[in-house]
Amino acid sequence: MKIIGIGNALLDVLLRLDNDMTLSALEIKKGAMDLIDEAKMKKIQKAQSDLERSEAPGGSVSNTVRSLARLGADAGYIGKVGTDRAGEVYKEATVQAGVKPFFVSVEGVSGCSTVLISPDGERTMATFLGPAETLTDSDVADETLLAYDLLYIEGYLISNERLFLPVLKRAKSIGLKVALDLSNFNIVNAFRPMLQEVIPKYVDILFSNESEAEAYTGLTAREAINVIARDVERAIVTIGKDGVLVSDGAQVVHIAALPCNVIDTTGAGDNFAAGFLYGYSLDATLEQAASIGALLSSKVIEVVGAQIPDERWNEIKSKVKEIITL
């Protein structure tokens, strides 16, 4: 099964702060995720130009499809970037991960999420969406979708009226499976009526965390999994350190979180989705697919950032083979 993702193509720029006074000076609340304009993005990065800095392609779907490709899946990615250096870095990193790129490039500055890491490890994000928020259904060619079997899309795109629903309808009309990650409980709260109409019609696999599942159903996670499973083929609710609940409507499976040294939980959900979708693409059992997801989650939270280091993939792929053959 070939998988293609659509998401906000945002370059993550990680800056390690010496202290939290910087956040006050920039009028950013610690721990928040603020949407900012281009001018403020440049101001932040210029003011912190002497700090330790790292860059990586970001956006939840991008994180997922890159991990899918590292596992060996045939994965593609659709996104929109600018013609600047950040856009080139993003495209190059996508290709290097083994993902087939379908980028729309427009004149100007690419989207960027500036991640300010406090001395205590807490992250504050200032996000400039840039061209990413102007991606439309017309930017996605029919032949691109027809080359794949499953479309994976992030909930952050729900507010993009010219993309979200039109591309879901097209994907289903030509026979693709559709997987959706709800992304954020605020998104769910803002668009609940729309989601409750769209998900049963167009979504086959729904990923959510505990707060998103509760926002969607008004129930606790352990009750929500059963309600969601009535609407979709596969329902997934991650429950943090307690692991994950998955259901195919006939059964609910609980997979415990694997023991690990937690450094940074960024990318845990994205990598769980990669592992689960990889298992699903191989027609693995519900338990096997969820176990692969839990494995990837446990590996990414042992490092800083949303990417699993190159040197860990051989071990991961060996363990995935063991899971699949159980």
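Nothing fancy with the numbering, it's 1 onward along the sequence.
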Does the ring center of Phe185 lie less than 6.0 Å from the ring center of Tyr216?
no
How close do Ile308 and Leu296 get, heavy atom to heavy atom, and via which atoms?
CD1-O, 3.8 Å
Please answer whether the main-chain N or O of Gln251 pairs with a side-chain N or O of Asp248 as donor and acceptor at a distance below 3.5 Å.
yes
Intermediate values then yes/no, salt bridge (charged side-chain N to carboxylate O under 4.0 Å, His left out), Asp139 and Lys80
CA-CA 9 Å; Asp139 290 322; Lys80 198 167 191 176; 3.4 Å; yes
Backbone N or O of Thr64 within a donor-acceptor pair of the Ser67 side chain at under 3.5 Å?
no
Polar side-chain atom of Asp149 near backbone of Lys2 as donor-acceptor pair, under 3.5 Å:
yes
Side chain to side chain contact (heavy atoms under 4.5 Å, CB included), that's the test. Do Arg234 and Leu286 meet it? Break it down for me.
CA-CA 9 Å; Arg234 297 285 188 274; Leu286 199 62; 3.5 Å; yes
Asp137: partners by salt bridge (Lys or Arg N to Asp or Glu O under 4.0 Å), with sequence neighbours left out:
Arg170
Salt-bridge criterion met for Glu88 and Arg85 (N-O under 4.0 Å):
no
Any chance you could measure Ile36, atom CD1, to Phe128, atom CZ, to the nearest 0.5 Å?
8.5 Å
Say whether Thr238 and Asn209, considering side chains only, have a donor N or O and an acceptor N or O under 3.5 Å apart.
no
Roughly how far, to the nearest 0.5 Å, is the CG atom of Leu163 from the CD atom of Glu133?
12.0 Å
May I ask you to test the Leu68-Asp74 pair for a side-chain heavy-atom distance under 4.5 Å?
no
Can you say whether the rings of Tyr90 and Tyr77 are parallel (under 30°), tilted (30 to 60°) or perpendicular (over 60°)?
tilted
Shortest non-hydrogen separation from Ala294 to Ile255 and the atoms involved
CB-CG2, 4.0 Å
Could you verify whether a donor N or O on one side chain and an acceptor N or O on the other, from Ser118 and Asp20, lie under 3.5 Å apart?
yes
Is it the case that one hydrophobic cluster holds both Leu176 and Leu157, taking links as side-chain heavy atoms less than 4.5 Å apart, direct or via other members?
yes
Pair Ile205-Leu150, side chain to side chain contact (heavy atoms under 4.5 Å, CB included): steps then yes or no:
CA-CA 10 Å; Ile205 304 171; Leu150 184 147; 4.0 Å; yes
Does Ile174 reach the side chain of Asp142, with side-chain heavy atoms less than 4.5 Å apart?
no
How about Ile3 and Tyr148: do any of their side-chain heavy atoms sit closer than 4.5 Å?
no
Co-membership, hydrophobic cluster, residues Ile153 and Leu129, 4.5 Å side-chain:
no
Separation of Lys30 NZ from Ser24 OG (nearest 0.5 Å):
10.0 Å
How long is the straight-line distance from CD1 of Ile292 back to NZ of Lys321, given to the nearest 0.5 Å?
12.5 Å
Do Val246 and Val237 come within less than 4.5 Å of each other through their side chains, counting heavy atoms only?
no
When clusters are formed by joining ILVMFWY residues with side-chain heavy atoms under 4.5 Å apart, either directly or through shared neighbours, do Leu295 and Leu245 land in the same one?
no
Quick one: does Phe276's side chain get under 4.5 Å of Ser297's, heavy atoms only?
no
In the structure I gave you, are the side-chain heavy atoms of Glu92 and Val95 within less than 4.5 Å of one another anywhere?
no
Report yes if the side chains of Leu165 and Val198 come closer than 4.5 Å at any heavy-atom pair, otherwise no.
yes
Would you say Leu195 and Tyr156 are hydrophobically clustered, going by side-chain heavy atoms of ILVMFWY under 4.5 Å?
yes
Separation between CG (Leu15) and CD (Glu55), nearest 0.5 Å, reads 9.5 Å
Closest heavy-atom contact between Met41 and Cys112?
SD-CB, 3.4 Å
Does a donor on one side chain sit under 3.5 Å from an acceptor on the other, for Ser110 and Asp84?
yes
Going by the salt bridge (Lys or Arg N to Asp or Glu O under 4.0 Å) test, which pairs reach into residues 201-211, not counting sequence neighbours?
Lys172-Asp204, Glu197-Lys201
I want to check something: taking the side chain as every heavy atom from C-beta on, are Tyr278 and Met1 in contact at a cut-off of under 4.5 Å?
no
Residues pairing under salt bridge (Lys or Arg N to Asp or Glu O under 4.0 Å) where one sits in residues 310-319, two or more places apart or in two chains, turn out to be Arg70-Asp310, Lys299-Glu315, Glu302-Arg312, Glu315-Lys319
When you measure from the side chain of Ser183 to the backbone N and O of Asp181, does any donor-acceptor pair fall under 3.5 Å?
yes
In terms of heavy-atom contacts, Val303 and Ile263 come closest through N-CB, 4.2 Å
Within the supplied structure, the quantity of interest is the number of heavy atoms (other residues, nucleotides, ligands) at a distance under 6.0 Å from Arg162 CZ; does it exceed 12?
no
Working to the nearest 0.5 Å, report the span between CG of Asn226 and CD of Glu223.
8.5 Å
For Tyr152 and Val178, what are the C-alpha separation, side-chain angles and deciding distance, and is it a side chain to side chain contact (heavy atoms under 4.5 Å, CB included)?
CA-CA 6 Å; Tyr152 180 54; Val178 172; over 6 Å; no
Closest heavy-atom pair and its distance - Ile239, Ala221
CG2-CB, 3.9 Å
Worked verdict on Leu206 versus Ile236 for side chain to side chain contact (heavy atoms under 4.5 Å, CB included)
CA-CA 6 Å; Leu206 186 68; Ile236 299 98; over 6 Å; no
Considering non-hydrogen atoms only, spot the tightest contact between Asn184 and Asn186 and give its length.
OD1-N, 2.7 Å
Honestly curious: do Val61 and Leu145 fall in one hydrophobic cluster under the side-chain, below-4.5 Å linking rule?
no
If you count the non-hydrogen atoms of other residues, nucleotides and ligands that lie under 6.0 Å from CG in Asn19, is the total more than 12?
yes
Mark yes when over 12 heavy atoms from residues, nucleotides or ligands other than Lys40 sit less than 6.0 Å from its NZ; otherwise mark no.
yes
